[in-house]
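Order of the sequence lines sets the chain letters (A, B, ...), proteins ahead of strands, with each chain counted from 1.
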Amino acid sequence: MQFMLLFSRQGKLRLQKWYVPLSDKEKKKITRELVQTVLARKPKMCSFLEWRDLKIVYKRYASLYFCCAIEDQDNELITLEIIHRYVELLDKYFGSVCELDIIFNFEKAYFILDEFLLGGEAQETSKKNVLKAIEQADLLQEVRYTPNHSHVWQI
Amino acid sequence: MTVTLLPLQEMIRAIRSARTQCEERGVIQRECAAIRAQFRQADNGGRSHNLAKLLYVHMLGYPAHFGQMECVRMIASPRYSEKRVGYLGAMMLLDEKQDASLLITNSIKNDLSNSNQYIQSLALCTLACMGSAEMCRDLAPEIDRLLRASNSYIKKKAALCAVHIVRKVHDLGELFTKAARSLLTEKNHGVVHGAVVLITELCERNSETLERFRKTVPDLVQIMKGLVISGYSPDHDVAGISDPFLQVRILRLLRILGRNNEGASDAMNDLLAQVATNTDSTKTVGNAVLYETVLTVLDIKSESGLRVLAVNILGRFLLNNDRNIRYIAMTSLQKIVGTDHNAVQRHRGTIVDCLKDQDASVKRRALDLSLALVSASNIRSMMKELLSFLSSCPPELRSQTASGIFNAAERYAPSQRWHIDTILHVLTTAGGDVRDETVPNLIQLITNTSELHCYTVHKLYRALLSDISQQPLVQVACWCIGEYGDLLLRGECQETEPVQVTEDDVLDVLETVLQSHMSFPSTRGFALTATMKLSTRITENVDRIRSIVSIYGSCIDVELQQRAVEYNALFKKYDHMRAAVLERMPVIEKNSQGHINGETIKESQTVKVKPGDLLFKRLMHSPWLNTDLKLMQPSTLSVFSVVATVTVYEKDGVTVTLSCEKQSDSGLTVTLTASNSTESDIRGFTLQAAVPKSVQLHMKAPSGDSLPARGAAKVTQMVVLNNPNKVQLAYLQLVSEVFDLSPIFYSFGSQNI
């Protein structure tokens, strides 16, 4: 996978994970164009489209579009499954996840993604194991924080 | 002065409640200023959430580069919470192009050996996400160590980190080969998955490595079997499929290993058959595995039975309700339509139905496949479908469809008439989207189908009556009417119902084209020439033609004006030649460069004056001159004979004449003579010449560069032209800094001038 974008129906970016080196300017340009292209698609259309030299796989969950750019040899259908798995993980973690959860806890969304994908590839194929690892890491964070700032850190 | 900072979630709330962009910017600027101030202070325990705030702001699109150094500092912190956000910031703000990224290399190195696996994990994740080539080279040995001696949690991450390293620095692949091999034997799915991805990467990069890893095919087959056959494994199950992610990756690796190798392909044959047959295809996840299986079967040296099985799976996909599956099926079929043509043909009906799908991507795929499936046996039915598609297809596909139809028609046309009808249909439906060479191609086709001239001209005339907006169609129609107008007027025609067409009707329609604002200049040129040609094919309305031609003699369009003037000249000065000049065009053979060759020369045309006629005729109404031979502006000035000197320029007292002498079969010497009859000398007079690439030009030095007044002396210049390829039609264009000369056309060959 080259990158994954999460954006709302109004085109607001909620998460962006880039696995290829690009300048900020290029990322912005790609994001803008791709978001426009995907938002212009009608509801019943195919989840796959060809864009520049990449294959784009996207799926809408409630108010969020999950959009992945994969390479020629990658399997589109399994990418849909990867997107679905990520949504399931978020759902389990936040308890019936909605867009607001991802907005207010964006860093958690990233942490979860980073336990599921690494360098653009799936690293753990068991849902249970991913969630366990996140749980442990969160605990570690809790244990290590200094007491003075309990009013700022929300877990 | 204390700076009050909002906690992260408060800040997010404040930003979201901003009613305008301006307000939002205000909030963000305030927060960023405060964050910057905090960064500069000593450690106050709130660093991680400050950085988190900055990262949020960055995601909204605001600049955050001042946070880069803070990331570096946070990564080096002993606190896990700070490291976590620091690494996240590094992945978001530091890409390999930033210098600051190198500064974290040391931290990463340290963290890779940390006793806590979650800290190791952060380092691995970051390296795999944004590690530069230099960082990768630095840390590769560490990764290798982790691949061998650590727990599963770390091994699986190290494997993917190695993948990134290999992508960045190909040579480092060697380093990981051994470790990758041994990882395949582990039980942990995550580790095996990582190992498979790593091995795939190594094999794709290096063919020697690929050879070595072929030995793992039996192991891979075993692992797959375990997944497919073994009982329910709750941890990795997705809708009844056991670890589909791993299955897909193994199938992909098998594909690479089995490609072009009989032995490996044989070893996996049974397994592939098993997966293809047993995988449940009711859900997407099952289809994902089946899809990968099909791709593998079709790419390796599989048994024919297995291939048929694979193509049938694709056929089933084509009938699936899920549009995604149909799309995937067509993409795959496209890849094999060349090699397994007959197998794909069996599904032609379904593919053609997909032309009517709502989704543009599906339509495009269906179009590509349909065009690939056209053959001599199905041309009629396929063309019906393609033509109906053309009339309703999305605009971005029209050009491709039109080209595809033309190609198919050219290859498989069952009859000439069908061919012409098909092209006409396309021009009527999508005239604006066809390529330029369609017009001359069609004209050539029509000319060469002499038995259908009558039918064609009737059909085109009728088309013109109803619509003159589609330029290519109008151009062809004008050309035909000009050429075969007599057949049109005769009224009877074998292939169509008879219709009475009077001379006035025909001239009316051509005049409408001439006057219409929809007509392109080139189209009007066609119409004018056609009108002129009719002067020898009609009997009563020649005067009407004469008046049209003389009106256009003062047309604003220079091209049209020039033609009209020349036609006028044809009426006035060269009326005796008019019939010969405007007679029926001979059968044209066109080679790929658009040159006209192979024309037959009539006996009578070896007389001095006649060669000019042939030249004149060809230039006047050759369809190629408007398109392919773009260099050739058909603005020849005069008909000239072999030995006489021709005046090519005469204006404001300056005269330039041209005479020529044939030296050899392919060589010609042209002498240019200039004289000046004005009262004053003209200085700095030079002539330059241009010819097409196939002709060689050698200009000798002129006798002088100033033209003395009152014709006291002339300036002569010799130009040697060599035509080794015996190009029939070449031009000599003279330009001068002093004045503009029109291009002059020169013909070589047996009717050499």
Side-chain angles (χ1 to χ4, degrees), chain A residues 12-19 21-24 28 42 44-50 73 75-82 84-85 103-107 110-111 114-115 117-129 133 136-137 140-146 148-149 151-154, chain B residues 7-9 12 16 45-46 49 52 55-56 59-61 79-81 84-85 88 95-97 116 118 121 124-125 128-130 132 153 156-157 160-161 163-164 189-190 193-194 197 235-236 238 243-246 248 252 284-285 287-288 291-292 295 323-325 327-328 358-362:
Chain A
K12 286 212 116 108
L13 204 56
R14 298 302 177 204
L15 186 143
Q16 48 172 334
K17 189 76 191 183
W18 298 84
Y19 295 109
L22 290 165
S23 70
D24 244 3
K28 283 208 172 104
K42 299 194 204 80
K44 289 268 168 86
M45 287 175 102
C46 197
S47 290
F48 314 129
L49 59 106
E50 279 134 34
Q73 331 86 286
N75 182 322
E76 292 97 319
L77 295 176
I78 209 76
T79 308
L80 277 176
E81 289 300 311
I82 286 184
H84 191 75
R85 175 57 64 90
I103 295 171
F104 283 95
N105 299 281
F106 72 95
E107 77 278 21
Y110 276 101
F111 296 151
D114 287 341
E115 264 319 310
L117 301 179
L118 199 103
E121 307 279 350
Q123 60 177 289
E124 179 55 65
T125 56
S126 152
K127 219 186 328 186
K128 195 175 83 177
N129 289 349
Q136 294 295 318
L140 193 60
Q141 194 164 290
E142 229 177 287
V143 166
R144 293 256 183 141
Y145 85 70
T146 47
N148 312 0
H149 296 271
H151 70 284
V152 258
W153 191 261
Q154 286 150 54
Chain B
L8 171 63
Q9 301 204 338
I12 297 177
R16 282 171 62 77
H49 68 264
L55 294 179
Y56 182 81
M59 191 156 58
L60 292 177
R79 292 200 199 110
Y80 179 70
S81 58
R84 213 180 185 191
V85 180
L88 179 62
D95 55 60
E96 62 176 41
K97 297 192 181 140
N116 188 303
Y118 298 105
S121 163
L124 284 165
C125 183
C129 180
M130 50 73 78
S132 66
Y153 181 73
K156 74 182 189 211
K157 293 178 191 259
L160 293 177
C161 203
V163 172
H164 174 85
H189 280 229
H193 185 275
V197 177
D235 279 355
H236 299 101
V238 181
D243 207 337
F245 304 104
L246 181 56
V248 164
R252 186 163 147 185
T284 308
V285 65
N287 287 328
Y291 174 44
E292 199 72 33
L295 289 179
R323 184 172 274 130
N324 292 335
I325 308 284
Y327 179 88
I328 292 293
Q358 301 279 357
D359 184 325
S361 325
V362 174

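- In this structure S361(B) satisfies the side chain to side chain contact (heavy atoms under 4.5 Å, CB included) test together with R41(A), Y327(B), D359(B), sequence neighbours excluded.
- Considering only heavy atoms from C-beta on, V238(B) comes within 4.5 Å of R85(A) through its side chain.
- Only the side chain of I325(B) comes within contact range of chain A, judged by heavy atoms closer than 4.5 Å.
- Only the backbone of K127(A) comes within contact range of chain B, with at least one heavy atom under 4.5 Å from a heavy atom of that chain.
- By the salt bridge (Lys or Arg N to Asp or Glu O under 4.0 Å) test, E81(A) pairs with no residue at all, sequence neighbours left out.
- At a 4.5 Å heavy-atom cutoff, K42(A) makes no contact with chain B through either its backbone or its side chain.
- For R14(A), the parts sitting under 4.5 Å from any heavy atom of chain B are the backbone and the side chain alike.
- Contact annotation for H164(B): neither backbone nor side-chain heavy atoms come within less than 4.5 Å of a heavy atom of chain A.
- Counting only N and O atoms by type, the side chains of N105(A) and Q9(B) include a donor and acceptor under 3.5 Å apart.
- Interface residue M59(B): backbone and side-chain heavy atoms are both found under 4.5 Å from chain A.
- I12(B) touches chain A through backbone and side chain together, each having a heavy atom under 4.5 Å away.
- A137(A) and R84(B) get closest at one heavy-atom pair: CB-NH2, 3.4 Å.
- In this structure, the side chains of S81(B) and H49(B) stay at 4.5 Å or more apart for every pair of heavy atoms.
- A salt bridge is defined here as a Lys NZ or Arg NE, NH1 or NH2 lying under 4.0 Å from an Asp or Glu carboxylate O, and E292(B) with R252(B) fails to meet this definition.
- The main-chain N or O of S47(A) is found under 3.5 Å from a side-chain atom of N324(B) such that the two form a donor-acceptor pair.
- If you measure heavy-atom distances from L22(A) to chain B, the contacts under 4.5 Å come from the backbone alone.
- If you measure heavy-atom distances from D235(B) to chain A, the contacts under 4.5 Å come from both the backbone and the side chain.
- F104(A) touches chain B through backbone and side chain together, each having a heavy atom under 4.5 Å away.
- Q16(A) places a side-chain heavy atom less than 4.5 Å from the side chain of Y110(A).
- K157(B) and Q123(A) are linked by a side-chain donor-acceptor pair at a separation below 3.5 angstrom, with hydrogens and angles left out of the test.
- Neither the backbone nor the side chain of S132(B) comes within less than 4.5 Å of any heavy atom of chain A.
- Ranked by heavy-atom pairs under 4.5 Å with chain A, the first of D243(B), L55(B), V163(B) is D243(B).
- Within the 4.5 Å cutoff, no side-chain heavy atoms of H236(B) are placed close to those of P244(B).
- Looking at V285(B), the atoms closer than 4.5 Å to chain A (heavy atoms on both sides) sit in the backbone and in the side chain alike.
- Among the candidates K28(A), E121(A), Q136(A), the residue making the largest number of heavy-atom pairs closer than 4.5 Å to chain B is E121(A).
- Interface check for chain B: of the options S126(A), A122(A), S23(A), C46(A), the most heavy-atom pairs under 4.5 Å are formed by C46(A).
- Put simply, of Q358(B), H189(B), K156(B), the one with the most heavy-atom pairs under 4.5 Å next to chain A is K156(B).
- In this structure, the portions of L118(A) lying under 4.5 Å from any heavy atom of chain B include both its backbone and its side chain.
- Ranked by non-hydrogen atom pairs under 4.5 Å with chain A, the options R323(B), M130(B), H193(B) are led by R323(B).
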